[in-house]
Protein chains: 2
Amino acid sequence: MSVTIRDVALRAGVSKTTVSRVLNGRGELDERTAERVRAVIDELGYVPSARAVAFARGSARVIGMLVPSLAWPWTGEVVQAAVEVAEEAGYGMLVFTATQGEQSMRRFAGHVSAKAIDGLLVIEPDGTLDAITALHDDGLPVVLIDDRGSEPRFPSVSTTNRLGARAAAHHLLALGRHRPLVVSGEPRFGCIRERLAGFDEGYASAGVTLDPGLVVEGDFTYESGQTAAARALEAGLRFDSVFAHNDVMAAGAMAVLRGAGLRIPEDVAVVGFDDLPLAAQTDPPLTAVHQPIREMGQTAARMLLAACAGTPPPDEAIVLPTSFTVRTSTAG
Amino acid sequence: MSVTIRDVALRAGVSKTTVSRVLNGRGELDERTAERVRAVIDELGYVPSARAVAFARGSARVIGMLVPSLAWPWTGEVVQAAVEVAEEAGYGMLVFTATQGEQSMRRFAGHVSAKAIDGLLVIEPDGTLDAITALHDDGLPVVLIDDRGSEPRFPSVSTTNRLGARAAAHHLLALGRHRPLVVSGEPRFGCIRERLAGFDEGYASAGVTLDPGLVVEGDFTYESGQTAAARALEAGLRFDSVFAHNDVMAAGAMAVLRGAGLRIPEDVAVVGFDDLPLAAQTDPPLTAVHQPIREMGQTAARMLLAACAGTPPPDEAIVLPTSFTVRTSTAG
DNA sequence: CTGAAAGCGCTTACAG
DNA sequence: CTGAAAGCGCTTACAG
């Protein structure tokens with residue numbers, strides 16, 4: 001069998017308590033004793049059993065993260081940033097995906113209520129909120145990412161969706177574009193409702209009322225951006241610009257518009273949302289509202305770790321500022 | 001405190017052993033007893049402590065996955081696929097990133113040798129191979145993804161990089177393109193050496209020897225694809241096609257070529273590698289060698305879970321076939 | 001079909 | 001500064 005704390009204690013001629021103290025740097029101990037114990041630990045190649053430690057300590061030093069999918073461009077960024085913070089703090093990160101509906105949620109809830117994790121990060125809790133709420137009420141620290149307001153009882157980290165969309169409106173207004181085609185996401189997401197409202201407000205502040213017929217709902221995919229643009233063209237809608245609720249849909253829309261012989265930005269100016277790396281890689285490069293995605297992941301992870309350590313998380317939602325990146329798709 | 005197996009046993013008037021049997025469906029037991037126990041479990045809202053179970057059982061039902069970064073397009077796909085398989089089997093997935101060099105590896109090795117996980121999936125073990133080997137020798141089941149041959153002692157899942165590159169060569173040959181610019185990845189990766197070799201072989205089989213001056217090393221980023229194309233143009237190299245070792249570099253190269261007034265595919269035909277969703281979204285859409293990325297993640301996860309369950313993994317590397325997707329970047 | 005008891009490998013008051 | 005002992009909450013031979 002593998003070497004345990006008992007073997008180390010025996011060989012070093014001390015008690016398991018002392019070995020444990022050396023391991024955890026707790027309590028005063030004779031430096032020479034500690035030295036001797038360390039030597040034995042090295043000699044034996046002893047590594048404490050994570051499972052035993054977790055059990056005895058009542059905490060696994062593992063946090064969980066529930067994500068809709070890891071294969072979406074922006075979730076990858078958020079998770080990566082959060083994992084880095086967790087690892088930095090000596091925590092592991094257990095990922096759960098909610099792609100498989102009911103059943104994956106059941107399994108997830110099992111893991112979690114079984115105390116396999118010390119805290120939970122959640123991206124877009126759409127459809128999982130009941131489960132999350134139950135866990136939270138049960139004492140599990142939870143931090144939501146990108147879902148401000150929809151559930152004010154949870155600590156959360158989001159971004160200024162509303163102001164970001166307003167900035168997009170001002171930018172297009174400054175270019176004299178009064179008929180933007182809005183390619184939105186699904187309105188069940190709080191961030192989408194914010195973006196719709198902010199965009200309207202931006203135009204309203206200049207006395208321009210938007211044509212409600214120019215709002216098309218997408219689903220964040222490239223294809224839905226294509227479809228939205230294609231339908232708008234077919235329907236003969238008049239629009240001089242596009243505001244898409246993410247970069248990917250903006251790219252899809254641009255491909256269709258260009259394919260239809262329209263010039264970007266001369267005929268149609270296009271603005272995206274997120275400002276992922278791909279925004280710089282479209283043709284033409286995409287003007288976009290910039291979300292501080294990595295910062296959101298890092299901040300959420302830090303809040304959660306603090307909560308695990310006993311620091312109650314802030315009462316109001318943390319809202320990180322968006323910025324605005326101008327590229328050729330509006331500024332040709 | 002939260003309810004334990006003891007509470008359930010007491011309330012149901014049975015022993016903890018019996019409750020445990022009901023929980024795990026082990027051993028014969030009177031159906032009425034089991035029913036009664038289940039009722040108490042429901043009544044009390046009992047959920048077994050994952051930490052205690054892991055400790056007693058000697059396994060956490062958690063596998064680990066070491067990835068270079070979660071923010072790269074193709075790693076997201078692989079991890080997502082592997083997580084789905086793990087969850088399906090009731091396992092959790094602990095992710096480790098190797099982005100922070102030495103230190104993250106130390107932390108990683110700590111977690112792992114501490115038996116926090118039952119098995120390990122590794123993507124591109126570049127630079128981490130020593131640590132992995134030690135763990136493997138220590139008895140930890142390990143499956144490598146996408147690193148055939150570099151370390152034949154490990155079970156692995158990869159793809160036909162060599163044949164895929166050869167197919168690219170044949171395709172370009174059939175188009176009469178004899179001077180391809182090759183934008184490779186870093187040759188320390190086994191898959192890259194395979195792609196280089198396969199591409200040469202494809203041309204050699206038609207009696208065409210490639211100009212070694214037409215191979216440029218990239219690093220998988222869009223920017224390196226741009227740089228490669230820009231340098232080739234500046235240097236006045238003659239080339240009638242591009243074979244990039246991933247889609248992202250192909251996209252970068254195409255942007256530069258188009259910017260220089262070259263027509264794709266008329267002046268330069270372009271082939272990528274991976275065939276990620278983005279391949280269909282470039283301008284023009286990209287012809288690419290298709291890697292079965294999801295299948296790779298699923299297969300690796302299944303092999304690992306089988307190994308955790310005691311089934312020794314296959315001795316030879318599992319190599320999944322690539323296919324070839326023709327789009328406008330070569331077939332205009 | 002069921003239970004008493006040992007054991008998994010640590011941590012942590014408590015005592016000295 | 002150090003140790004004996006209890007305890008964390010399960011699982012699993014072993015016995016009946």
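Chain letters run A, B, ... following the sequence lines, proteins first, then strands; residues in each count from 1.
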Novice: Where is the tightest heavy-atom contact between A:Asp30 and A:Arg32, given as atom of each residue plus distance?
Specialist: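 Closest heavy-atom pair between A:Asp30 and A:Arg32: OD1-N, 2.6 Å.
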Novice: To the nearest angstrom, how far is B:Phe55 atom CZ from D:dG9 atom P?
Specialist: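 My rounded result for the distance is 12 Å.
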Novice: Would you mind reading off the distance between B:Arg6 atom CZ and D:dT11 atom P, rounded to a whole angstrom?
Specialist: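 Rounding to the nearest Å, CZ of B:Arg6 and P of D:dT11 are 16 Å apart.
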Novice: Apply side-chain hydrogen bond (donor to acceptor under 3.5 Å, both in side chains) to B:Glu35 and list each qualifying residue two or more places apart in sequence or on a separate chain.
Specialist: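 If we apply the side-chain hydrogen bond (donor to acceptor under 3.5 Å, both in side chains) test to B:Glu35, skipping adjacent residues, the hits are B:Arg38.
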Novice: Please tell me if B:Thr4 has a side-chain N or O lying less than 4.0 Å from either OP1 or OP2 of D:dG9.
Specialist: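 No, no such contact exists.
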Novice: For residues 299-314 of chain B, which side-chain N or O atoms pair as donor and acceptor with protein atoms under 3.5 Å away, sequence neighbours left out?
Specialist:
{"unit_1": "B:Thr299", "atom_1": "OG1", "unit_2": "B:Glu295", "atom_2": "O", "d": "2.7"}

Novice: Select one nucleotide: of C:dT2, D:dC10, D:dG3, the one nearest the side-chain heavy atoms of B:Leu29.
Specialist: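 Output: C:dT2.
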Novice: Checking A:Arg294 now: which residues fulfil side-chain contact (heavy atoms from CB on, under 4.5 Å) with it, not counting sequence neighbours?
Specialist: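 With neighbours one apart ignored, the set is A:Glu77, A:Gln80, A:Ala81, A:Glu84, A:Gln298.
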Novice: Does a side-chain N or O of A:Ser15 approach OP1 or OP2 of D:dA4 to a distance below 4.0 Å, or not?
Specialist: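 A:Ser15 to D:dA4 OP1/OP2: no side-chain N or O under 4.0 Å.
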Novice: Scan B:Ile117, B:Val62, B:Asp118 and name whichever one has a side-chain contact (heavy atoms from CB on, under 4.5 Å) with B:Tyr91.
Specialist: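 Answer after filtering B:Ile117, B:Val62, B:Asp118: B:Asp118.
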Novice: Return the value, rounded to whole Å, for the distance between atom CG of B:Leu10 and atom C1' of C:dG3.
Specialist: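 Taking CG of B:Leu10 and C1' of C:dG3, I get 14 Å after rounding.
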Novice: What's the spacing between B:Asp146 CG and B:Phe189 CZ if we round to 0.5 Å?
Specialist: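 It is 9.0 Å, given to the nearest 0.5 Å.
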Novice: Give a yes/no answer on whether the side chain of B:Ser49 brings an N or O atom under 4.0 Å of OP1 or OP2 in D:dC10.
Specialist: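 Checking B:Ser49 against D:dC10: no side-chain N or O falls below 4.0 Å of OP1 or OP2.
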Novice: Tell me the interatomic distance from B:Ile41, atom CD1, to D:dC10, atom C1', rounded to whole angstroms.
Specialist: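 In whole Å, D:dC10 C1' and B:Ile41 CD1 are 13 Å from each other.
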Novice: From CD1 of A:Ile5 over to P of C:dC8, roughly how many Å is that when rounded to an integer?
Specialist: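 Nearest whole value for this atom pair: 14 Å.
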Novice: Using Watson-Crick or G-U wobble pairs with both distances under 3.5 Å, give me DNA chain C in dot-bracket, 5' to 3', with [ ] for crossers and | for pairs to another strand.
Specialist: |||.||||||||.|||
Novice: Distance check needed: D:dC10 P versus B:Arg51 CZ, whole Å only.
Specialist: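 Nearest whole value for this atom pair: 11 Å.
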Novice: So A:Phe220 and A:Glu186, side chain to side chain contact (heavy atoms under 4.5 Å, CB included) or not? Walk me through it.
Specialist: CA-CA 8 Å; A:Phe220 300 123; A:Glu186 297 151 271; 4.1 Å; yes
Novice: N/O contacts under 3.5 Å, protein versus nucleotides 12-16 of chain D?
Specialist:
{"unit_1": "D:dT12", "atom_1": "OP2", "unit_2": "B:Arg26", "atom_2": "NH1", "d": "3.0"}
{"unit_1": "D:dT12", "atom_1": "O4", "unit_2": "B:Thr17", "atom_2": "OG1", "d": "3.2"}

Novice: Give the rounded distance in Å between these two atoms: CG of B:Asp30 and C1' of C:dC1.
Specialist: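 One finds 7 Å between C1' of C:dC1 and CG of B:Asp30, rounded.
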Novice: From CG of B:Leu23 over to P of D:dT11, roughly how many Å is that when rounded to an integer?
Specialist: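 Atom-to-atom, B:Leu23 to D:dT11, this comes out as 6 Å.
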Novice: Reading DNA chain D from 5' onward, which residue's closest nucleotide shows up sooner: A:Ala34 or A:Ala52?
Specialist: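 Checking each residue's closest nucleotide, the 5'-ward one belongs to A:Ala34.
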Novice: Nearest to the side chain of A:Val53, heavy atoms from C-beta on, is which of D:dC10, C:dC10, C:dG3?
Specialist: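 Taking heavy atoms from C-beta onward, the closest nucleotide is C:dC10.
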Novice: Which pair of heavy atoms, one from A:Val53 and one from A:Pro48, lies closest together, and at what distance?
Specialist: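 What the structure gives for the nearest pair is CG2-CB, 4.1 Å.
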Novice: Got a sec, which residues hit salt bridge (charged side-chain N to carboxylate O under 4.0 Å, His left out) with A:Arg36, two or more places apart in sequence or on another chain?
Specialist: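 Not a single residue meets the salt bridge (charged side-chain N to carboxylate O under 4.0 Å, His left out) criterion with A:Arg36.
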